[in-house]
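Only one structure is covered here, and it is reproduced in the block below.
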Amino acid sequence: MRHLEAHDLAGRDARAGVTARDFVSSLHSLLEIVKAVRSGAEVDSVLDAIARVVAETLGFQTVVLNVYRPEWDDFSVTTVHGSDAVREALLGSVYDWSSWTPLLVSRFSRAGAYFIPNDAFDWSQDIGDRFVPAEGPVHDGPDAWHPNDELFVPLEHSDGRIVGIMSFGDPVDGRRPDDERLAVACALASHAALALEAAQESVRTSRHQAGLEQLLRVSSQLPQTISTEGMLRSVCEAVSEALGFDKVLIQLVDDETDFLRPVAAAGWSDSEVGATAVLELGLISKLFESQFDIAGCYLVARDEAERRVGPTQLVYRSAQNGRGPHAWNHHWLVVPLLDTDGAVRGVLWADEPHSRLLPSRHVLQALRIFANHAMEALAVATQLEETRFLADHDPLTRLLNRRALLNELAAAADAGGAAPLALVFLDVDNFKEINDGQGHATGDRVLVLFATLLAELVRSGDKAFRVGGDEFALLLHGAGEEEAREIVERIMTAVEANIDPLVRTLSASFGIAPSSGRDAPQALLLVADEAMYAAKRSGTRIEVAA
């Protein structure tokens with residue numbers, strides 16, 4: 001058998017044939033193995049059972065399974081049914097395609113198998129591992145099995161791909177197999193390939209099931225989102241666990257700079273995440289072309305990706321790569337995060353697959369679903385954050401609202417007047433004219449500009465509020481009457497000099513209420529409000545409460 005020479009055939013007098021009963025029994029055993037696979041049996045135990053059933057049916061002391069590894073494009077000896085010496089010598093051996101190519105040729109083909117007689121091949125040129133046991137007796141006659149004879153049967157997937165090679169040695173009867181026996185070997189190999197295929201598919205199905213469970217878990221968390229970053233981090237962790245990527249990263253677009261800002265990751269160090277801050281959506285978008293699109297994900301070979309995005313975007317190269325046409329080899333896998341209008345709001349990166357294989361369409365479909373959930377999470381988290389924000393802020397101007405002002409005043413009163421403060425109330429005198437003459441949309445725009453001026457002109461630590469339609473307030477910590485007047489005058493000057501012609505037409509009346517901080521919130525509001533109306537009635541524009 002492949003890299004095994006038969007030994008010690010003494011005492012084997014029986015001419016073990018393959019009867020119809022043997023064959024039917026072995027097929028039944030193999031079908032039972034397939035059923036076991038579908039019920040969750042592990043791949044290793046399935047392979048052991050296959051080798052045992054085939055060995056017992058065909059009458060070979062040793063059967064070796066060389067299983068194809070697509071991540072390395074080679075074959076690994078995963079199962080050896082035979083003596084301890086053979087197992088120790090061959091288990092775990094690895095063979096490239098180049099070692100099989102000179103063996104699986106037409107001149108050695110017989111009845112669907114490959115039989116290589118002792119003197120038909122120069123084994124000194126073989127590049128694989130070999131096991132040479134102690135010499136034993138050799139049977140006489142033209143059909144006697146020679147220690148250097150080899151018998152191989154490929155295991156084919158249902159789509160025709162070779163998924164393994166089964167090799168045989170040590171026939172019980174000491175004879176070379178005839179064509180009938182080889183045909184039986186091929187039939188058994190076909191069913192063995194089916195069992196192997198089912199076992200491998202079972203692993204993929206289990207992984208897919210885990211992915212679905214993770215999707216459900218992430219979905220169930222959406223209504224409970226605490227923060228945008230927390231939810232997106234949960235998505236990254238789910239992708240890593242369910243789909244088998246060691247590194248997952250989500251970035252969102254900074255609208256002002258077009259740079260992709262990292263917001264959540266799984267498997268990335270802080271320094272690695274920081275390095276990704278140089279990525280630009282405009283450059284990364286060059287990967288979003290139809291020839292790279294699989295299920296809404298973009299999988300691009302390294303050289304092509306680097307050529308498209310340029311050297312400034314090369315921030316990481318995967319370390320967990322494979323070999324061959326099916327292997328991951330520094331590929332770039334990026335999924336755009338799209339809003340309801342189809343605009344790219346960010347990207348999801350996946351790298352370092354556990355399998356070292358290019359992800360299947362099923363995996364990429366699941367990854368796309370996770371990316372969609374990331375966008376849903378972002379929308380939910382954004383909505384929740386906005387709801388929390390609006391509890392204390394005005395939706396139009398984004399200034400703090402009346403509720404927030406009352407809370408600030410209450411906190412100052414609770415502090416026992418540790419520091420003075422001044423409350424300024426102001427009312428835009430002629431805003432109704434702009435609103436009625438120019439329309440509500442223009443009126444809203446002017447209010448936003450006016451609110452922006454207030455927020456910019458107060459001192460650090462002071463706060464601006466919108467408390468009504470065209471009424472605003474300023475809370476000036478540690479300020480007395482003089483400081484309050486200075487701030488009010490700066491505001492008046494800024495309004496008069498504003499580049500917007502409508503803002504320049506605004507006039508406002510200000511009421512200043514100095515306080516020790518011990519005043520009741522509602523009482524202080526009333527005092528500032530009365531001072532403001534006094535300024536409006538008198539035309540002085542600024543009034544300080546007595």
What residues form a side chain to side chain contact (heavy atoms under 4.5 Å, CB included) with [X], not counting sequence neighbours?
X      : answer
Ala455 : Leu399
Ile294 : Leu299, Arg361, Leu364
Glu197 : His157, Ser158

Without placing hydrogens or testing angles, list every side-chain donor-acceptor pair under 3.5 Å for residues 238-253, not counting sequence neighbours.
{"from": "Ser240", "atom 1": "OG", "to": "Phe245", "atom 2": "O", "distance (Å)": "2.7"}
{"from": "Glu241", "atom 1": "OE1", "to": "Gln214", "atom 2": "NE2", "distance (Å)": "2.9"}
{"from": "Glu241", "atom 1": "OE2", "to": "Gln214", "atom 2": "NE2", "distance (Å)": "3.1"}
{"from": "Asp246", "atom 1": "OD1", "to": "His354", "atom 2": "NE2", "distance (Å)": "2.6"}
{"from": "Lys247", "atom 1": "NZ", "to": "Gly267", "atom 2": "O", "distance (Å)": "2.9"}
{"from": "Lys247", "atom 1": "NZ", "to": "Glu272", "atom 2": "OE1", "distance (Å)": "2.8"}
{"from": "Gln251", "atom 1": "OE1", "to": "Trp349", "atom 2": "NE1", "distance (Å)": "2.9"}
{"from": "Gln251", "atom 1": "NE2", "to": "Leu260", "atom 2": "O", "distance (Å)": "3.4"}
{"from": "Gln251", "atom 1": "NE2", "to": "Thr276", "atom 2": "O", "distance (Å)": "3.0"}
{"from": "Gln251", "atom 1": "NE2", "to": "Thr276", "atom 2": "OG1", "distance (Å)": "3.3"}

Taking only distance into account, with no hydrogens and no angle test, what donor-acceptor pairs under 3.5 Å do side-chain atoms of residues 477-488 form with protein atoms, sequence neighbours excluded?
{"from": "Glu483", "atom 1": "OE1", "to": "Gly480", "atom 2": "N", "distance (Å)": "2.9"}

Can you give each donor-acceptor pair under 3.5 Å made by side-chain atoms of residues 425-439, sequence neighbours left out, with the distance rounded to 0.1 Å?
{"from": "Asp427", "atom 1": "OD2", "to": "Lys536", "atom 2": "NZ", "distance (Å)": "2.5"}
{"from": "Asp429", "atom 1": "OD1", "to": "Ser509", "atom 2": "OG", "distance (Å)": "3.0"}
{"from": "Asp429", "atom 1": "OD1", "to": "Lys536", "atom 2": "NZ", "distance (Å)": "2.3"}
{"from": "Asp429", "atom 1": "OD2", "to": "Ser509", "atom 2": "OG", "distance (Å)": "3.1"}
{"from": "Asn430", "atom 1": "OD1", "to": "Ser507", "atom 2": "N", "distance (Å)": "3.0"}
{"from": "Asn430", "atom 1": "ND2", "to": "Thr505", "atom 2": "O", "distance (Å)": "2.6"}
{"from": "Lys432", "atom 1": "NZ", "to": "Asp436", "atom 2": "OD2", "distance (Å)": "2.6"}
{"from": "Asn435", "atom 1": "ND2", "to": "His440", "atom 2": "ND1", "distance (Å)": "3.1"}

Sequence neighbours left out, what passes salt bridge (charged side-chain N to carboxylate O under 4.0 Å, His left out) with [X]? Give chain and number order.
X      : result
Arg317 : Glu306
Asp500 : Arg445
Arg504 : none
Asp339 : none

Applying side-chain hydrogen bond (donor to acceptor under 3.5 Å, both in side chains), can you list everything that pairs with Trp332, at least two apart in sequence or on another chain?
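Checked Trp332 against side-chain hydrogen bond (donor to acceptor under 3.5 Å, both in side chains); zero matches.
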
Side-chain donor/acceptor of His373 to backbone N/O of Ala371, under 3.5 Å
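No; judged by distance alone, with no hydrogens or angles, the pair does not exist.
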
Give every residue pair that meets the ring-ring contact (aromatic ring centres under 6.0 Å, His included) criterion with at least one member in residues 247-304, sequence neighbours excluded.
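Counting only pairs at least two positions apart or across chains, the ring-ring contact (aromatic ring centres under 6.0 Å, His included) contacts touching residues 247-304 are Trp268-Tyr316, Phe288-Tyr298.
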
